[in-house]
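A, B, ... follow the sequence lines: proteins, then strands. Residue 1 opens every chain.
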2 protein chains.
Amino acid sequence: MPAKLAASAFALFAEKGFDGVNLDQIAAHAGVTKGSLYWHFNSKRELIHAACAHYYRMYQRRINEALAGVTDPAARLEHTLRVAVRTCLMDQANRVFTMEIFTSAVHDAELRRGWQQFYDSVREFYIGLVRAAAVAGAVHVADAEQAVNLMLAAMEGIKLRALFEPEICSPTEEERLVEGLKEILGFPAPKPSRNG
Amino acid sequence: MPAKLAASAFALFAEKGFDGVNLDQIAAHAGVTKGSLYWHFNSKRELIHAACAHYYRMYQRRINEALAGVTDPAARLEHTLRVAVRTCLMDQANRVFTMEIFTSAVHDAELRRGWQQFYDSVREFYIGLVRAAAVAGAVHVADAEQAVNLMLAAMEGIKLRALFEPEICSPTEEERLVEGLKEILGFPAPKPSRNG
DNA sequence: GCGCCAAAATACCGATCGGTATGGCGTTGT
DNA sequence: ACAACGCCATACCGATCGGTATTTTGGCGC
C-alpha cells in the first residue's frame, strides 16, 4: 500500500504540483481514505519524498531495461540518451514533477539532497558512457565531464522552455532533440542512411 | 504605492516563493496593511503578475544601463551577457523567483504568456547582438539563432543546477560562467592578456 | 468464538489565508 | 461647511487542508 500511495502521489503531483493536490485526493486515487494514508506516512512532506523516490526508481528501471543486453558503448550511450529524452523531456507530467522538486528543494534540504544524489548518479553514469564511447572511437570530446555537464544543462534548459512552449517537446521534435544532444556529446553528425 | 507593493511582493516571493508568503507580510513590507493592498490589487494573483512585471522591467533597465553609450557589437554582446549572468544566475533571489514563475506558469496561462513574451524579447535581442558581432568579425557562429538557443538553454540549466549546488554560481565562478557562455556564442577563446 | 493487531474509515480540530465589509482620515472642489 | 473620493486600517468571514482522535473492519492464531 505505501508503494501505491507513493505512485498515486507522484501521478497527481505531476499533474497539479505539490500544493495543488490535497491528501484526500491522493488517498482516493490509491483507493483508500486519508486515515489510512496517515497510517503509512507521517506527513505530506514524507509522502512527497516517497513520490520523488518513486520517480527516481522509475527512471532507473527504464534505463536498466533499455540497456539490457546492450554492450556496444555507443549504443549504450544513445539508448540512455533516448530514454532520458523520452522520460524527462517528452513527458509533460515528468517535466512538471521535476519542476516542483526544484522549487520545493529551495526550502527543503532533504529534497535537495535526494535530487542531487539522483542527478550526480545520472551524471556519473553519462560520463562513464561517454568515456567508453570515446575509447571505442564512436564519439569525440575533449573533456567528457564538460560535455556531459553541457548536455545535462541543455536538457534542463529544454525542459524549462517546454513548460511554456510545449510544442518544442512534441513527438515530431523528439528526434531533433536527441540529435542535438548527441552532437553535444560528440557523436558524429547523422548520415542519411544511418541505422535508426 | 502599487509599485511599492509590487516591489515588496517581488522581494518576498524571491525569498520564500509564491505560496510561502501571505498578503499580510507583503503589505507590512510595503508599510501598509492588507486592506490597503486590496485597494490597489484585486487578488494575490494580480499581485504576482505585478511582481513579475517588476522583475522584467528591472532586468530591462539593467541591460539598458549596461549598454548606454556602448556601440561596439562585441562589447554590447559581452555586456549583455555579463548583466544576464549577474542578474539571472548569480543572484539567488532572482533564481528562486524565476523558478516560481515556471512552476506556476504550468497552470496560469497569463503568467506563461508574460514569461514567454519576456523570454522571446531577450532571445531576439541576443540574436540581433550575435549577428551584429558576427558581421563585425568578433564572433563566429554557423547559425546565430541556434547558438543563442543553446546559450539560453545552458543558462537555464545552470540556474536549475545552482538551486541545489549554489556554489556553481558563487562570485568566484562568475567569470568562468561568462567565458563558457561566450564560447557557445562563438567568441574566440580568451587570451591571457585580454581586456577585462 | 475470542483476542490481538494492522490497516482502514469516519469525524473532528485548529491554523491559515485569500478575500470582504466597514469605518476613518485627509485632500480637494464647490 | 459639506460632499466626494482616494487611500488606508481594522475586523471579520468562509473555505481549505494538514493533521489527530476514535471507531470499525479484516485477518490470523489459539
Side-chain angles (χ1 to χ4, degrees), chain A residues 1-54 96-97 99-101 103-112 114, chain B residues 1-54 96-97 99-101 103-112 114:
Chain A
M1 177 50 69
K4 192 168 181 189
L5 284 166
S8 292
F10 168 73
L12 293 176
F13 289 149
E15 187 185 331
K16 299 178 191 156
F18 294 158
D19 288 338
V21 185
N22 66 44
L23 298 184
D24 280 310
Q25 291 167 319
I26 295 171
H29 191 272
V32 295
T33 62
K34 193 168 64 165
S36 185
L37 184 154
Y38 269 100
W39 174 261
H40 297 278
F41 296 96
N42 289 319
S43 63
K44 184 174 184 177
R45 179 165 173 265
E46 203 172 290
L47 191 56
I48 287 173
H49 291 184
C52 291
H54 175 91
V96 171
F97 187 74
M99 288 304 305
E100 287 288 329
I101 294 178
T103 306
S104 302
V106 170
H107 304 110
D108 185 328
E110 192 180 335
L111 209 56
R112 204 157 56 233
Chain B
M1 177 51 65
K4 192 166 178 188
L5 284 165
S8 292
F10 168 74
L12 293 175
F13 289 150
E15 188 185 327
K16 300 179 188 154
F18 293 157
D19 289 336
V21 185
N22 66 44
L23 298 185
D24 280 311
Q25 291 167 319
I26 296 172
H29 191 275
V32 295
T33 63
K34 192 165 65 165
S36 185
L37 183 154
Y38 269 101
W39 174 262
H40 297 280
F41 296 96
N42 289 317
S43 64
K44 184 173 183 177
R45 178 164 174 267
E46 202 173 292
L47 191 56
I48 288 173
H49 290 187
C52 291
H54 173 91
V96 171
F97 186 74
M99 289 304 304
E100 286 288 329
I101 294 178
T103 307
S104 301
V106 172
H107 305 108
D108 184 328
E110 192 180 338
L111 209 55
R112 202 158 54 237

Nearest-neighbour nucleotide for the [X] side chain, [options] considered:
X     : options               : answer
B/V32 : D/dA9, C/dA8, D/dG18  : D/dA9
B/K44 : D/dG6, D/dA9, C/dG19  : C/dG19
A/S36 : C/dA8, C/dC17, D/dG19 : C/dA8
B/Y38 : C/dA7, C/dG19, D/dG18 : C/dG19

Polar pair under 3.5 Å, donor/acceptor by atom type, side chain B/K34, base C/dG18: yes

Donor-acceptor pair, A/E46 side chain versus A/S43 backbone, under 3.5 Å? no

Under the 3.5 angstrom rule, does the side chain of A/E100 hit a backbone N or O of A/F18 as a donor-acceptor pair? yes

Show the nearest heavy-atom pair for residues B/R112 and B/A105, with the distance to one decimal. NH1-O, 2.5 Å

Rounded to the nearest Å, what distance is computed from the [atom1] atom of residue [X] to the [atom2] atom of nucleotide [N]?
X     : N      : atom1 : atom2 : result
A/L12 : D/dC17 : CG    : C1'   : 16 Å
A/I26 : C/dA8  : CD1   : P     : 16 Å
B/F18 : C/dT16 : CZ    : P     : 23 Å
A/M1  : D/dG26 : CE    : P     : 15 Å
A/Q25 : D/dC17 : CD    : P     : 7 Å
B/F41 : C/dC17 : CZ    : P     : 20 Å
B/L23 : D/dC8  : CG    : C1'   : 16 Å
A/D24 : D/dT20 : CG    : P     : 15 Å

Side-chain heavy-atom pair B/C52, B/I101 within 4.5 angstrom cut-off: yes

Short side-chain N/O contact from A/H40 to OP1 or OP2 of C/dA6, under 4.0 Å: no

Would B/L23 and B/L47 count as a side-chain contact (heavy atoms from CB on, under 4.5 Å) here? Give the steps. CA-CA 9 Å; B/L23 298 185; B/L47 191 56; 4.1 Å; yes

